[in-house]
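Since the structure comes first, as structure tokens, the remarks are kept for the end.
Everything numeric here is computed off the predicted structure, so don't read it as measured data. Numbering starts at 1 and runs along the sequence shown. For ligands, and for the atoms within them, numbers begin at 1 and follow the listed sequence.
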Amino acid sequence: MQNKKIKLTFLTAHLSELTELDQELIAKAKEAFTTAYAPYSGFLVGASVLLDNGEIVSGSNQENVAYPSGLCAERVAMFYAGARFPDAKIKSIAVSVISKNFEVTDVVSPCGACRQVMAEYEEKQEQAIKVILHSPTDEVLIANTVEDLLPFMFKSPLLKKH
Ligand code: THU
């Protein structure tokens, strides 16, 4: 039996310390959460995806009375980007949040399903995706690759017979 450890790397910063481009992407994510349809949770999430063709594609969470039918902001943005610009690579994704019901002080942390989707795009494009998580207090957490957010991720080669 062996005890093993995984090392994850991430950065924390204040919004003002980020590059102009990263700050712009966060501003777009903040703009996007205003379009959330979240009557059940009151939790408004915006996600903006920067592509290598310079386009920025945004999405927000879309809820449904049949709760599992709704979709998180990150997947709305990434699927929209994939559908509109199928050949473009995702350089980074910024996520921002606000709640109608309470004060959010932490960065929003993407759910497992959204991390899985990010991971697959990263694998498909053979290029790391920078994930930028933003809080309403302007604290930011940055992971330079989805690998740091989803260790032991399920990858498509695992589907193939050896
Ligand atoms: N949500 C997102 O859109 N992204 C996240 O990273 C976390 C959760 C949404 C799903 C649901 O509409 C609401 O926030 C409450 O879970």
Test item: Asp52 side-chain N/O and Lys89 main-chain N/O as donor-acceptor pair under 3.5 Å: yes

Pairs satisfying salt bridge (charged side-chain N to carboxylate O under 4.0 Å, His left out), at least one member in residues 108-123, at least two apart: none

Minimum side-chain heavy-atom gap Phe102-Phe43 below 4.5 Å: yes

Nearest-contact summary for atom 8 (C) of ligand 1 - protein heavy atom, Å: Cys72 SG, 4.2 Å

Element-labelled atoms of ligand 1 that are located less than 4.0 Å from some non-hydrogen atom of Ser41: 13 (C), 15 (C)

Atom 9 (C) of ligand 1: the protein heavy-atom neighbour that sits closest, reported with distance to 0.1 Å: Asn61 ND2, 3.5 Å

Short N or O distance, Glu63 and ligand 1, threshold 3.5 Å exclusive: yes

Nearest protein heavy atom with distance in Å, relative to atom 16 (O) of ligand 1: Phe43 CD2, 4.6 Å

Side-chain heavy-atom pair Thr34, Ile98 within 4.5 angstrom cut-off: no

Nitrogen or oxygen atoms of Val95 and ligand 1 under 3.5 Å apart: no

Nearest-0.5 Å distance, OG of residue Ser58 to CZ of residue Phe33: 12.0 Å

Contact bool for atom 4 (N) of ligand 1 (protein heavy atom, d < 4.0 Å): yes

Contact with ligand 1 for Pro110, non-hydrogen, under 4.0 angstrom: yes

Contacts of type side-chain hydrogen bond (donor to acceptor under 3.5 Å, both in side chains), residue Lys130, not counting sequence neighbours: Asp22

Validation row: Leu11, Leu141 side chains within 4.5 angstrom (heavy atoms): no

Contact with ligand 1 for Ala36, non-hydrogen, under 4.0 angstrom: no

For ligand 1, the portion of Ser109 having any non-hydrogen atom under 4.0 Å away: backbone

Residues Gln62, Ser60; criterion side-chain hydrogen bond (donor to acceptor under 3.5 Å, both in side chains); working and verdict: CA-CA 6 Å; Gln62 301 295 317; Ser60 54; 3.0 Å; yes

Region of Glu74 that comes within reach of ligand 1 [heavy atoms, distance under 4.0 Å]: side chain

